[in-house]
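Here's the structure, in structure tokens; my notes come after.
Every chain is numbered from 1, with letters handed out A, B, ... down the list of sequences. All values below were derived from every heavy atom in this structure, side-chain atoms included, with hydrogens, water molecules and symmetry-related copies excluded. If you're wondering where the values come from, they're calculated on a predicted model, not measured in any experiment.
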Amino acid sequence: MSEGAPIETALSELARIEAAYEAALSGAHDEQELRRERAKLLGGEGELTKLMRFMPKIPNERKKEFGQKVNGLKRAIEALFEARLEAIEAEARKAELEGPYLDVTMPSRARTPGRIHPIARVEDELIEIFGSLGFELADGPLIDTHANCFDRLGFPPDHPATDMQDTFFITRKELGAEETTLLRTHTSTLQIREMMKRKPPLAVIAPGTVFRRDDDATHSPMFYQLEGFLVDRDVSFAELKGVLTLFARRLFHEEISVRFRPSYFPFVEPGGEVDISCVFCKPWEKDEARTASCRICKGTGWLEVLGCGMIHPVVFENVGYDPREVSGFAFGMGLDRIAMLKYGVPNIRLLYENDHRFLSGF
Amino acid sequence: MLASYNWIKELSGLDVSPEEVASIFNRVGLEVEGVKEFGAGLDHVVVAEVRSMRPHPSADKLRLVTVFDGEAEAEIVCGAPNVPEPGRKVILAKLGAVLPGDFRIVPRKIRGVESAGMLCSESELGIGEGGEGIFVFDADCEVAPGTALIDALPIRDTIFELGLTPNRPDALGHLGLARELCLALGKRFELPAIELPAARAERPAFEVEIRDADRCPRYGAAFLLGAEVRPSPFWLRYRLYTLGQRSLGNLVDATNLVMLEWGHPIHGFDLQKLEGKKIIVRRAEEGETLEGLDGVERELTEDDLLIADANRGVAYAGVMGGANSEIDESTRDVLIECAYFAPRGVRRTSRRLGIHTDASHRFERGVDPEAVPHVLRRALGLMHELGGGEIVGEWIDKIAKPNVRARIEYRHTRSRALLGYEIELGRAKAILEGVGCAILEANDERLFVEAPSFRPDLTREEDLIEEVARIVGYDAIPTVLPRVRAGEKGTPAPIRFRKRLVRAAAAAGFNQTMSFAFTSPETLKKLRLPEAEIAIENPLSSAQSVMRTSLLPGFMEGASRTRRHGGTRAALFELGRSFHRSDEILPHEEEHLALFLMGEAESEFLVEREVDFFDLKGAIEGLFFDVFGELPTFESEHESPPYMHPRRTARVMLRGEAIGIAGEIHPDLAEEYDLEMRPLYAEFALCSLDRLREIIGDPQAKPLPRFQSSTRDLALVVDESISAASIVEALLEGGAPLAESAVLFDLYRGEGIPEGKKSLAFSIVYRGSEGTLKDSEIDGAHKKAAKLVGSRFGAIIR
């Protein structure tokens, strides 16, 4: 811009800008371009901004006129800019909404949460089911005394009943009069521990790992049990049946049948085993051919899931309860087996091998 | 226990199908675990008469036997050495027959000669062990050629495999099973009458002396003289075969059959081999030895009961006979032992010697002490029937300690309360009678009974109630929900807290594991873990011989397995215990939460990297923020345990307490396990977390900030050794009370930064509590913060 006649020069420059801005802003095709064009006019070094710097050189009487013109143009530019921006945005929105679909199958950025162990999942379900019936949780040591694991539960000394539970013994620190300690063979130790600690009424479930000297295709030397027991006045076998029937139906299926068979465990009398309808061939759906060929229940339609019974009076005597005053029931089940049934786990070993690939599946 | 359907049926006198028997047994508590059919499907297998025999033209060991099958003659190629003379009868599998193992008889040329079927052995028919050669009928057998085999021989039976509970020794014999069947069906059971031929022989001079009445309350001995040892007849061989016993000649087979019938083991001695005409039942002397029937010589202890003659031991009492007195082919005179040995003693000897026999199995559970005379009578009769000879009418029955039968009360009210179901007293009485109880007294409310000697498990009222309930059927008892009794305390908080930790660890991205609590000393050593303090006396293998001192072994083994199978990632956690010595009777079980992370990071698409410390750190922050609502802090651990990386391990702190460690596992160990990656590991002590749980309690609401904050950045150059956290601490201290937070956002080393230094940039947030801060206030605080960092760490502000 020449220094000649400032006002004229300025006005002609103003006219030039006025004539060109529309084309410049309208020619912008996206927001970035539009903003660049606006900056060329109104930015710190923009044409119109520079023009304003002429103000001091403009004669006073024309200052007002010049000012009004510049501001007028500025408003016009801004208005057009806003309008254009809106149009460009609308166009872009339209293009986005009508354009290609997002490939939603591309990998995500989310972090996968971990999984709860299948046994713990079953345990959580049982805690909820038995919890709703008023059972509380208890826990105890994995290494316990022979007294808690066998003697107080009424296992006669040197009795073949202990063969049912082949035991790992802990090496004595030094030979002496010390008590025999062992890896608990069942969670029934918690019956003794809780009853010796508390007074009835009590309703307890105690899940946890147990150990037996058994290692083959269907046995793991460490496995997982859940013990439950309820002690009060006048507890009956009918209530034991009620609790376990409800448990099986809630855990597996509401139409499941439950069958109680007499059996023997030294710490209950009467004692029993509980079978439920096979959860694989689902006999309640009455597909007899499917049941006949079922590998899991071997065509019987039944699966053995737990042992139970009325707590033996000897157990009560051993923990200082009066068997004439109280009665109770107890039950125990292998959560490995239940997890395997529920989640179709083919081999018990998988549960304890810590393989990330297997565990990720739950 | 294997049980024969035919035998049970015969002894019970009931006509019930095998399926019904199985179902009844299951219902009353004798679990049928398997069912096997014998002699089924043997169509086209018939009796045939040998007519002639000639050599095979091209094979020395084969012969061509012409047999008559009732309709026609056929020539059969046979390789058996015992083809009998013409006129004797054999078993022919005709063309079209299918033998066990899906063996189909089809026309077949054997060394060039066509055979029109096969002459069969017992094993080929699945009805016996077989021995050498084909089955040959006795010479006096009158069965006609062409008779179907199943009509000619009793070869069809159903064998139940029973899973008996140890309280039921009575069910270890077929008489007991027959009694149980009658009981379940409400039929009267009677022991079969035992007819003995007239005794002709005088009792030889012989004495029995019991020196330990507690271990051997009763000992009976009967004698059979001049018997002949020979193979057992087919029916006996068949019965023993189907019940899983080997046939060892008529006299020994008889003892086994009597055991399987009565559930009472008996033993036959060769009378001539017993020295001094005496049986002494005594404890062994310490170190005394005896060779068993199995040919193994064993050393005994004073705790072992021994059957001895005048000079030496002749049998491990109740467990196994001795080699020095066994019946062999030349035996003529037999002493039959039928005794009651106390269960505990037999079990201890059997366990100590490591031999479990049919006899010890029964004695351990308790045989019927009062059955001795019946069993001896039956054994004598059977041995005489099979081996001839002369029965000695007078036997020895020494009772050192008489059996006392239990007398028990059964109250109607007690039964009703315990079962939650009313069983009429008359019904209960009938059942208990069926069980074998003698009713001593009965009125409207109670029974007073004497338990039978064959049911040692019946000692208390509850035992009788179970008997009644199991026969009525557990199905009859109603299904009732108990009253809900809410516990006063509910589940203890620590147990609930553990559940919460498990959920948080899973939410932080880790899969829960459960690993074996035992491991091997070598593994602990290899992983540089503390030595085991708790050992297992009788481990299955050395790999599981000690209790673990850390949760690390399970992870390393799992990770190694995953790697071997081509897995590229492992994110695992365990809430478990380690085991340590203590001053108490029981060892100390220490609970830990441990995390293990290895392999590919889950990160941005197209960005591939291995996880590192900061992935683990982030997960730990998330985990504890989840559980406690507070972030833990990390301090460099300069004394990390030997299994951790000496320079890349942190001490994890929360509320000023060290709660655990986190870092890289020592690279040597990763190499040892062929992981080819840098696994990360963190472990936390549950005892610390439990304390924090009590301290921290529930989160409390904090007032939200009312005024706007402002942010200023600060870049500085410090020594490599200065930790980010210490600078943050100084910034907050210097900028107090306005500085609210300081976050590292850039780290730079290289051009422009001297060796051994690093450039860090922090973003510091300032906020006032009384109003929005003015620029001058912010600048003042920012300057003080920078100044403190400068003076404390010699930091150069850039």
Is it the side chain or the backbone of [X] that comes within 4.5 Å of chain B heavy atoms, both, or neither?
| X | value |
| --- | --- |
| A:Asp144 | both |
| A:Pro201 | side chain |
| A:Val314 | both |
| A:Thr181 | side chain |
| A:Ser220 | side chain |

Under 4.5 Å from any heavy atom of chain A, what part of [X] do you find: side chain, backbone, both or neither?
| X | result |
| --- | --- |
| B:Pro494 | neither |
| B:Arg351 | side chain |
| B:Leu540 | both |
| B:Phe555 | backbone |
| B:Phe516 | both |
| B:Val502 | both |
| B:Met547 | side chain |
| B:Ala507 | backbone |
| B:Ala505 | neither |
| B:Glu589 | side chain |
| B:Arg569 | both |
| B:Ile495 | side chain |
| B:Arg348 | side chain |

If you count heavy-atom pairs under 4.5 Å with chain A, which of [options] comes out on top?
| options | value |
| --- | --- |
| B:Arg365, B:Glu557, B:Arg460 | B:Arg460 |
| B:His565, B:Glu574, B:Arg168, B:Glu467 | B:His565 |
| B:His361, B:Arg470, B:Glu461 | B:Arg470 |
| B:Gly554, B:Ala417, B:Pro478 | B:Pro478 |
| B:Leu481, B:Ile536, B:Asn538 | B:Asn538 |
| B:Gly345, B:Gly558, B:Ser541, B:Gly576 | B:Gly558 |

On the 0 to 90° scale, with breaks at 30° and 60°, tag the A:Phe237-A:Phe260 ring pair as parallel, tilted or perpendicular.
-> perpendicular
Do A:Thr180 and A:Arg172 have a side chain donor and acceptor closer than 3.5 Å?
-> yes
Just checking, is any N or O donor in the side chain of A:Ser360 or B:Asn511 under 3.5 Å from an acceptor N or O on the other one?
-> yes
Rounded to the nearest 0.5 Å, the CG atom of A:Leu351 sits from the CE atom of A:Met222 at a distance of 9.5 Å
Are the aromatic ring centres of A:Phe168 and B:Phe518 under 6.0 angstrom apart?
-> yes
Check the surroundings of atom CZ in B:Arg564: do more than 12 heavy atoms from other residues, nucleotides or ligands lie under 6.0 Å from it?
-> yes
